[in-house]
Number of protein chains: 2
Amino acid sequence: MAGKRAQMMEETRGKLVRAAREAFAAKGYAAASMDDLTAAAGLTRGALYHNFGDKKGLLQAVIDQIDAEMAARLRAVGERASTPWRGLLDEYRAYVEMALEPEIQRILLLDGPAVLGDPSRWPSQNACLAETTRRIRALVADGAIPPVDPEAAARLLNGASLHAALWVAASDEPGAVLSKALDAFRRLAEGLARPT
Amino acid sequence: MAGKRAQMMEETRGKLVRAAREAFAAKGYAAASMDDLTAAAGLTRGALYHNFGDKKGLLQAVIDQIDAEMAARLRAVGERASTPWRGLLDEYRAYVEMALEPEIQRILLLDGPAVLGDPSRWPSQNACLAETTRRIRALVADGAIPPVDPEAAARLLNGASLHAALWVAASDEPGAVLSKALDAFRRLAEGLARPT
DNA sequence: CTCTCTGGCATACGCATCGTATGTGAATTG
DNA sequence: CAATTCACATACGATGCGTATGCCAGAGAG
């Protein structure tokens, strides 16, 4: 029967994480005040420290949630594709587009690594990176592309995608820049597909 | 004759930037206290605010300095190579290795974008990115590689290199990981070299 | 049903740090 | 040599984090 206490607490955590997502996305982690943030959720800092330990803990919780959502979206995109190789390209296109969303870019890609360190050390294990690693591993196993270390390839491609997104986001004409970035990205990815 | 005032001021700025490089590299931008930092330079916050405006201004000055040094090092590596194409590969290998240096990784690659936003918008214009862009442009002009937008390619490769470095830096066995990363990197770069 | 106690959350405090406003003395200028 | 500028120090107010303490709803025992 879930227990009323536990149920209330889940709701509290949910409200805090939601408010934090908004605040962190809008102002950035450093500039987001815990007082404002908790007040917006109808609570106080007491609830925050009780549930998440400290400010970093809250950021971690927010990141875990966003990361899980991204991984699910990536998987969905990849599965819709006609061939595994196209699936990979589609996933990365989706990755770049997601990295344009302020919430994802600001929180997960900029503040996250700066505050919490290397993403692969996060408790969430970076589900999003795991998803792309898995896909590349499958391509290698099927013989669709020559052998390559899947994690290495996934990390490099993710890094390239992220920077492409930062570029597009800061650009004055996002449309033109996005297509240039995706062109270059395809060229790089094709380096994986061809035998050396 | 240079004026004693101006000369003293240059020295003050130098001392502050030097102290800031150490502090930012060791503790990260957010955790570095301006009081501690200026005291270590034998000054007070007064000097800092007078010369750099605010904490971000100091970070910007530090970044400009590091960025210029990196660009010079990259150019030197590239010019030593036997062919332009090898020059590009060598430059990126050097880039990854530089990105392993805590000062560069922490200040320029992690805190810089998080605090100041997209690097290409920095006043220093990101000399390091300009250098790699220039090199790729030359390769295209010489017909060494098929046409590609030089800035796009440079940005993606820089992004990939950065993430490779973060991975290596956080790894337990940096040696093995570095070689895996460089392998994967070479594969990606070769995507640029071959006609589609 | 009542009493007790656990624990989720609010309140209150101390501490650190940033940015500004003001003061001071050395270097410059006429 | 008097006046002024300006580089830097000092003093102050404000904000925000983390902790210690208090309070009250809900769970369990008899």
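Heavy-atom basis, side chains included; hydrogens, waters and symmetry copies ignored. Convention: sequence-line order gives letters A, B, ...; per-chain numbering from 1.
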Practice prompt. State the CG-CD distance between A/L116 and A/Q60, to the nearest 0.5 angstrom.
Written response: 5.0 Å
Response to the item:
A/M8 atom CE is separated from D/dA25 atom C1', nearest whole Å, by 9 Å
Fill in: From CA spacing to verdict: side chain to side chain donor-acceptor pair (under 3.5 Å), A/S33, A/D35
CA-CA 5 Å; A/S33 153; A/D35 280 318; 4.7 Å; no
Fill in: B/L16 CG to D/dA7 C1', straight-line distance once rounded to whole Å
12 Å
Discussion item. At a heavy-atom distance below 4.0 Å, what parts of residues 20-43 of chain B sit against DNA chain D?
Written reply: B/L43
Fill in: Results of side-chain hydrogen bond (donor to acceptor under 3.5 Å, both in side chains) for B/N158 - residues two or more places apart only
B/Y92
Practice prompt. Give a yes/no on whether any side-chain N or O of A/N51 is located under 4.0 angstrom from OP1 or OP2 of C/dG8.
Written response: no
Worksheet item: Quick one: do A/E103 and A/R18 make a salt bridge, cutoff under 4.0 Å?
Response: no
Item to complete: Give the nucleotide from the list C/dA12, C/dG8, D/dC8 with an atom nearest to the side chain of A/H50.
Response: C/dG8
Fill in: Side-chain ion pair, A/E190 and A/R186, N-O less than 4.0 Å
no
Worksheet item: What's the CD-P distance between B/E11 and D/dA7, to the nearest Å?
Response: 15 Å
Discussion item. So if I take every side-chain heavy atom of B/T12 and compare against D/dG18, D/dC8, C/dG19, which nucleotide ends up nearest?
Written reply: D/dC8
Response to the item:
Looking only at D/dC8, D/dG18, C/dG19, the nucleotide nearest the A/K55 side chain is D/dG18
Fill in: Side chains of A/R137 and A/V140 in contact at under 4.5 Å (non-hydrogen atoms)
no
Worksheet item: Whole-Å distance between D/dA25 P and A/Q7 CD?
Response: 18 Å
Practice prompt. Give the rounded distance in Å between these two atoms: CZ of A/R13 and C1' of C/dG8.
Written response: 12 Å
Worksheet item: So do the side chains of B/V17 and B/F52 get within less than 4.5 Å of each other, counting heavy atoms only?
Response: yes
Worksheet item: Nearest-Å distance, CG (B/L48) to C1' (D/dA9)?
Response: 13 Å
Discussion item. Rounding to an integer number of Å, can you tell me how far B/F52 CZ sits from D/dC8 C1'?
Written reply: 13 Å
Worksheet, complete the sentence: Between the CG atom in A/L48 and the CG atom in A/L43, the distance rounded to the nearest 0.5 Å is 9.0 Å
Taking distance alone, no hydrogens or angles, what donor-acceptor pairs closer than 3.5 Å link side-chain atoms of residues 70-78 of chain B to residues at least two apart or in another chain?
unit_1 : atom_1 : unit_2 : atom_2 : d
B/R73  : NH2    : B/E101 : OE2    : 2.9
B/R75  : NE     : B/E131 : OE1    : 3.4
B/R75  : NH2    : B/E131 : OE1    : 3.3

All N/O contacts under 3.5 Å from nucleotides 21-24 of chain C to the protein, with atom names and distances to one decimal?
none

Worksheet item: Closest to the B/M9 side chain: D/dA7, C/dA10, C/dT20?
Response: D/dA7
Worksheet item: Can A/K55 and A/D111 be counted as an ion pair, charged N to O under 4.0 angstrom?
Response: no
Worksheet item: Roughly, in whole Å, what's the span from CZ in A/R45 to C1' in C/dG8?
Response: 17 Å
Fill in: Lys/Arg N to Asp/Glu carboxylate O, A/E151 vs A/R155, below 4.0 Å
yes
Discussion item. According to side-chain contact (heavy atoms from CB on, under 4.5 Å), who are the partners of A/A39, at least two apart in sequence or on a separate chain?
Written reply: none
Pairs under 3.5 angstrom, nitrogen or oxygen only, protein versus nucleotides 26-30 of chain C, please.
unit_1 : atom_1 : unit_2 : atom_2 : d
C/dT28 : OP1    : B/K4   : N      : 2.7
C/dT28 : OP1    : B/R5   : N      : 3.3

